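So the structure is just underneath, and the comments pick up after that.
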Amino acid sequence: MITLNKVSKHFRSNCVFEQIDYAFADGLVYCVQGINGSGKTVLLKLIAGLLEPDEGRISFNKKDVRKGVIIETPRFWKHMSGLETLRFLASVRGEISEETILEYMAKTGTIAYKNKRVGSYSLGMKQRLAIAQAMMEDPDILLLDEPTNALDESGLAMLKGLLKEEKEKGKTILIATHNLDDLEDVIDRQLKIRDRRLVEWQRG
């Protein structure tokens, strides 16, 4: 579970969030929507620990919480292959095997390109690689910023299948997107950023 307690965030004179209270439960997929500049990415960065709130507290239901993150456009080392990239990222913690890396490359459809330089990847293939790196270490929380960007129909089906798998494992999944239609059938809670607050809503 992720709990936001009276969380506020400002950038100079611009107040992005003001006194947010919200609890994200385990085993659910949340979608956060809002116009460009409303704070979707800022929210993910706060939860990921990439930004600190100016006021309030963000807490988790256990001390050692693992987070799988895609924030903004994925950036990788162009000269490295897809497999080398994931190996390097996995080496930071050193807790998953080559077999697991290859398993997630297969799941995301990047296995056929494992030895090709990432600089030669299409935008869609880079997005698939980003999804693999976010999920391969079995995180407790997934924070995905516009994960459908550049994905074709098969890529979208792949992503939805993986999200369902991760949800069944009890993960907390938070997605920021401007396009709810692509993922509507896997989302449990719809949220909007409105007037610097986080509110639940239902379309129609």
Side-chain angles (χ1 to χ4, degrees), residues 1-4 20-34 40-41 43-50 58-72 74 86 89-90 93 95-97 99-111 124 127-193 198-204:
M1 178 178 284
I2 310 164
T3 304
L4 279 63
I20 289 181
D21 288 307
Y22 197 82
F24 297 91
D26 297 339
L28 294 178
V29 180
Y30 294 84
C31 176
V32 180
Q33 288 192 290
K40 300 187 300 295
T41 299
L43 178 65
L44 295 194
K45 286 183 175 180
L46 285 166
I47 295 172
L50 301 174
I58 299 172
S59 57
F60 306 93
N61 59 348
K62 61 181 184 178
K63 276 190 174 183
D64 183 20
V65 175
R66 298 175 182 273
K67 303 165 192 170
V69 180
I70 300 175
I71 299 288
E72 300 175 329
L86 296 188
L89 294 171
R93 284 186 176 148
E95 295 180 358
I96 62 171
S97 65
E99 182 181 2
T100 299
I101 294 171
L102 293 171
E103 175 189 347
Y104 276 86
M105 294 196 84
K107 285 184 174 185
T108 55
T110 54
I111 192 76
Q127 190 73 355
R128 287 170 180 257
L129 192 68
I131 293 166
Q133 67 83 25
M135 295 184 178
M136 66 183 183
E137 293 183 305
D138 195 26
D140 304 290
I141 295 168
L142 279 169
L143 305 169
L144 307 177
D145 189 11
E146 302 289 359
T148 64
N149 273 357
L151 291 182
D152 57 14
E153 189 173 337
S154 67
L156 185 58
M158 170 275 297
L159 175 61
K160 290 197 287 188
L162 285 175
L163 289 174
K164 289 175 182 177
E165 284 183 20
E166 296 302 299
K167 174 184 169 179
E168 287 172 3
K169 295 175 186 177
K171 308 298 178 67
T172 304
I173 303 171
L174 179 53
I175 298 168
T177 183
H178 68 279
N179 192 350
L180 177 63
D181 292 339
D182 286 342
L183 296 173
E184 190 169 20
D185 55 338
V186 298
I187 289 167
D188 299 298
R189 300 282 188 277
Q190 299 173 22
L191 306 172
K192 261 191 180 298
I193 297 171
L198 203 55
V199 295
E200 290 193 6
W201 71 293
Q202 292 292 330
R203 291 200 303 182

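This one's a predicted model, so the numbers in the text were calculated from it and none came from an experiment. Numbering of residues begins at 1 and proceeds along the displayed sequence.
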Practice prompt. Sequence neighbours left out, what passes side chain to side chain contact (heavy atoms under 4.5 Å, CB included) with Lys107? Give chain and number order.
Written response: Glu103, Tyr104, Leu162, Glu165
Discussion item. Once rounded to the nearest 0.5 Å, what's the spacing between atom OG1 of Thr172 and atom CG of Asn61?
Written reply: 7.0 Å
Response to the item:
The reported gap from CG in Leu86 to CD1 in Ile96 (rounded to nearest 0.5 angstrom) is 8.0 Å
Worksheet item: What is the distance from atom CG of Asp182 to atom OG1 of Thr177, rounded to the nearest 0.5 Å?
Response: 7.0 Å
Worksheet item: Below 4.5 Å, heavy atoms only, C-beta onward: do Met136 and Leu89 meet side chain to side chain?
Response: yes
Worksheet entry | Gap between atom CD1 of Ile101 and atom CD1 of Ile111 - 0.5 Å precision | 10.5 Å
Discussion item. Just to verify, what does Tyr22 make a side-chain hydrogen bond (donor to acceptor under 3.5 Å, both in side chains) with, not counting sequence neighbours?
Written reply: Glu200
Practice prompt. Check for a donor-acceptor pair, side chain of Thr110 on one end and backbone N or O of Met105 on the other, with a separation under 3.5 Å.
Written response: yes
Fill in: Residues forming a side-chain hydrogen bond (donor to acceptor under 3.5 Å, both in side chains) with Lys67, sequence neighbours excluded
none
Worksheet entry | Shortest non-hydrogen separation from Ile173 to Leu163 and the atoms involved | CD1-O, 3.8 Å
Discussion item. Given 3.5 Å as the limit, does a donor-acceptor pair link the side chain of Glu166 with the main chain of Ile141, or not?
Written reply: no
Item to complete: Only counting residues at least two apart or in another chain, list the ones meeting side chain to side chain contact (heavy atoms under 4.5 Å, CB included) with Ala150.
Response: Leu123
Worksheet item: By salt bridge (Lys or Arg N to Asp or Glu O under 4.0 Å), which residues pair with Arg66, not counting sequence neighbours?
Response: Glu95
Worksheet entry | Set of side chain to side chain contact (heavy atoms under 4.5 Å, CB included) partners for Leu28, sequence neighbours left out | Ala25, Tyr30, Asp188, Arg189
Item to complete: Taking all heavy atoms of Val29 and all of Val186, pick out the closest pair and write down the distance.
Response: CB-O, 3.4 Å
Practice prompt. Taking salt bridge (Lys or Arg N to Asp or Glu O under 4.0 Å) as the test, write out the residues that go with Lys160, two or more places apart.
Written response: Asp185
Item to complete: Check whether any side-chain heavy atom of Leu142 lies under 4.5 Å from a side-chain heavy atom of Ile70, and answer yes or no.
Response: no
Worksheet entry | Qualifying residues under side-chain hydrogen bond (donor to acceptor under 3.5 Å, both in side chains), relative to Glu72, sequence neighbours excluded | none
Discussion item. Ignoring hydrogens, what is the shortest heavy-atom contact between Gly68 and Pro139? Give both atom names and the distance.
Written reply: N-CB, 3.3 Å
Practice prompt. Could you pull out all residues at least two apart from Thr148 that satisfy side-chain hydrogen bond (donor to acceptor under 3.5 Å, both in side chains)?
Written response: none
Item to complete: For residues Leu159 and Pro147, determine if any side-chain heavy atom of one lies less than 4.5 Å from a side-chain heavy atom of the other.
Response: yes
Item to complete: Give the minimum heavy-atom separation between Ile131 and Met158, together with the two atoms involved.
Response: CD1-CE, 4.1 Å
Practice prompt. State which residues pass salt bridge (Lys or Arg N to Asp or Glu O under 4.0 Å) with Asp26; sequence neighbours excluded, sorted by chain then number.
Written response: none
Worksheet entry | Between CG on residue Leu143 and CG on residue Leu44, distance to nearest 0.5 Å | 5.5 Å
Item to complete: Mind checking the CZ-CE spacing from Phe60 to Met1? Nearest 0.5 Å is all I need.
Response: 12.5 Å
Worksheet item: Do you know the tightest heavy-atom contact between Leu144 and Ala134?
Response: CD2-CB, 4.3 Å
Practice prompt. Kindly write out the residues that satisfy salt bridge (Lys or Arg N to Asp or Glu O under 4.0 Å) with Asp138, not counting sequence neighbours, or none if the list is empty.
Written response: Lys171
Worksheet entry | Closest heavy-atom pair and its distance - Leu151, Gly124 | CD2-O, 3.9 Å
Worksheet item: With Val32, which of Leu43, Thr41, Asp145 fulfils side-chain contact (heavy atoms from CB on, under 4.5 Å)?
Response: Leu43
